Every structure is written in C-alpha cells, then in structure tokens.
Amino acid sequence: MSDRILLTAATTVILVWSLLAQNAHATFAAIGVALWFPASVLSYTALLRWLPVIGGMHPFPTDLPTIERRRILALCLLIASFSITLLIFTPAPQAIGQIVALNFACLLALFDWKENWLPSYILFPMLLAALIFGIFLGTSQTVILGAAIAWLITAAGLVCLSITLRRNFVSGDYMALVGVCGASVGLGSVWTFLLTGAFLLWVGSMFRRYTRAASHHLPFTNTCVLALAFTFLFQHLPNLTNAFPELTQQIAQKVRSSSLSEH
C-alpha cells in the first residue's frame with residue numbers, strides 16, 4: 001500500500017470521526033487536526049531531507065526509505081490523536097501550546113533517530129514557542145522556572161551517572177532538550193515530567209541491556225517525548241476521565257440513529 005493511500009485513509013478516518021461527534025467543539029477540533037495531519041507529514045519529510053543539508057551534515061538531500069516514511073506517518077497519526085484529545089478537553093490556547101511543543105519534540109526524536117543529531121534549528125524555536133505561549137497565558141514565570149529546574153536536575157543526574165558508570169553521559173543537546181521540555185510543562189508539572197522521564201529512561205536502558213541492542217546510547221530523546229506526552233495527559237486527567245464516556249455515548253447514539261434511519 002502506497003504512502004499516499006495510507007495518508008488519505010488516515011485523514012478520511014479523522015474527518016469521519018469529526019462528523020460522528022455531536023459535540024461542536026469536538027467536530028471543529030477534529031477538522032482542524034485533519035487539515036494539519038497531511039501538512040505535518042509533508043513538513044516532517046521535507047525537514048528531515050533538508051535540515052541536514054542546511055546544517056552541513058550532507059551535501060545534498062537524500063530520499064527517505066519506505067520504513068522512515070512509514071515511521072513519520074505513524075508518528076504524525078499519534079500526534080493527531082493526541083491533539084484531538086487535548087483540543088476537546090482543554091482550553092484551546094493551552095492545548096495549542098502543548099500540541100506545538102509535542103510536534104517539535106517528536107521532530108527532534110526523528111532527527112535523533114535518523115541522524116543522531118538534535119538541531120538547534122528546532123530546539124530554539126521550541127523554547128521560543130514555550131515562552132510566547134507562557135506570556136500569552138500569563139505563566140511566563142513558571143515557564144522559566146520549569147526550564148531552569150529541569151536543566152539543573154538533568155545536568156546533576158548526568159554528571160552523577162557519568163561518575164558512577166565511568167562513561168560520559170553529559171550532553172549539552174540532551175540537557176537543552178530537557179530544559180525546553182521543562183519550559184513546555186511549566187513549574188507545576190516539571191517534577192512529574194522528570195520523574196516520568198527517569199522511569200522511562202530506566203525501562204528503556206534495561207530493555208536495551210537485556211536485548212543486547214547495538215546502540216550503547218541512552219534512549220534520551222524518545223524518553224523525553226513520551227514523558228512530555230504523559231505529563232500533558234496527567235495535567236488534564238480529571239477532564240479526560242469525566243468527558244470521555246459522555247463523548248463516546250454521543251457518537252454511539254449518532255451511529256445508532258443513522259443505522260435506524262437507513263432501515
């Protein structure tokens with residue numbers, strides 16, 4: 001099955017879901033995500049081809065193999081599902097800020113996976129976006145404190161880990177990534193992010209150890225992305241648990257009414 005067919009099918013599913021939802025807020029959220037989903041796939045693909053050329057890592061852009069294009073498609077679909085959830089159950093300005101942060105973080109994870117590189121072309125815009133949304137929402141102080149605490153704790157942890165294991169785990173790029181993620185979650189959730197990230201990092205390290213993976217690097221970027229997504233969900237867990245049954249019931253009622261009208 002070609003990538004174009006998969007992209008069209010996934011976009012169609014999102015649009016159908018938006019039509020089934022009787023909640024106007026959910027409908028508009030799904031339509032917005034359906035429009036952004038194919039654009040995100042094309043944007044990710046273009047950036048993965050051209051940013052290494054701009055950064056001087058490759059002399060010219062190379063075509064992505066099929067497995068990497070499918071990975072981009074799957075990741076963008078997960079982000080789309082996450083985005084719909086946030087847009088339905090959280091205030092729009094806060095949800096948009098979190099969606100932007102998650103898109104930047106996932107793009108960094110793709111670059112780390114493909115090139116073993118965290119480009120500053122993405123890190124700094126992600127930090128700038130967190131600051132802009134913090135100013136807009138009136139939480140700029142918590143954004144700055146969240147970034148500072150996340151950076152300091154990560155730096156101390158990596159130094160202790162390097163001394164204990166007698167290997168160099170200190171990386172300016174990784175510390176910058178955690179600091180930017182700390183800015184995105186803010187002071188109120190920075191400890192949730194750090195503890196979740198530490199647990200996921202331990203799980204990933206144990207998995208690589210017992211599966212004897214070829215890479216000896218810590219799964220740091222993937223851990224940050226997952227911890228960031230879980231932290232955003234934890235922030236809105238009460239809203240999600242209360243609203244999901246109601247929305248599911250509305251969709252089921254609309255499906256039943258449609259089937260009855262056909263008969």
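All values derive from a computational prediction rather than experimental measurement.
In terms of heavy-atom proximity, V225 sits nearest to L102 at O-CD1, 4.2 Å. Of all non-hydrogen atoms in L64 and R69, the two that sit nearest each other are O-NH1, 2.6 Å.
Interatomic distance, L110 CG to N222 CG, rounded to the nearest 0.5 Å: 9.0 Å. Taking CG from L47 and OH from Y44, the interatomic distance works out to 9.0 Å, rounded to the nearest 0.5 Å. Taking CG of N103 as the start and SG of C76 as the end, the distance is 7.5 Å to the nearest 0.5 Å. Between the OG1 atom of T231 and the CG atom of L195 there is a distance of 9.5 Å, given to the nearest 0.5 Å.
The shortest distance between side-chain heavy atoms of S83 and W36 does not fall below 4.5 Å. T154 places a side-chain heavy atom less than 4.5 Å from the side chain of F220. Using a 4.5 Å cut-off on side-chain heavy atoms (C-beta onward), W113 and L75 make no contact. Using a 4.5 Å heavy-atom threshold, the side chains of F111 and L107 count as touching. Using a 4.5 Å cut-off on side-chain heavy atoms (C-beta onward), F193 and V178 make contact. Side-chain atoms of L131 and I144, non-hydrogen and from C-beta on, do get closer than 4.5 Å to each other. I122 places a side-chain heavy atom less than 4.5 Å from the side chain of L51. In this structure, the side chains of I79 and C106 come closer than 4.5 Å at one or more pairs of heavy atoms.
I96 and I84 fall within a single hydrophobic cluster, where Ile, Leu, Val, Met, Phe, Trp and Tyr are joined by side-chain heavy atoms under 4.5 Å apart, directly or via other members. The hydrophobic cluster containing V53 does not contain M57, counting ILVMFWY residues as joined when their side-chain heavy atoms lie under 4.5 angstrom apart, directly or transitively. The hydrophobic clustering, which links ILVMFWY residues whose side-chain heavy atoms are closer than 4.5 Å, places I163 and L152 together. Both V143 and I149 sit in one connected hydrophobic cluster of ILVMFWY residues. Membership requires side-chain heavy atoms under 4.5 Å apart, directly or through other members. Hydrophobic cluster membership differs between F124 and V100, with clusters built from Ile, Leu, Val, Met, Phe, Trp and Tyr side chains linked at under 4.5 angstrom.
Listed by chain and residue number, W202, V203 satisfy the side chain to side chain contact (heavy atoms under 4.5 Å, CB included) test with F199 (two or more places apart in sequence, or in another chain).
Residue pairs meeting the salt bridge (Lys or Arg N to Asp or Glu O under 4.0 Å) criterion with at least one member in residues 45-62, sequence neighbours excluded, are R49-D63. Applying the side chain to side chain donor-acceptor pair (under 3.5 Å) test to residues at least two apart or on different chains, the pairs with a partner in residues 181-199 are S189-Q235.
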From CA spacing to verdict: side chain to side chain contact (heavy atoms under 4.5 Å, CB included), Y174, T221: CA-CA 7 Å; Y174 288 152; T221 311; 3.5 Å; yes

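Between W117 and Y121, the two ring planes are perpendicular [angle over 60°; tilted spans 30° to 60°].
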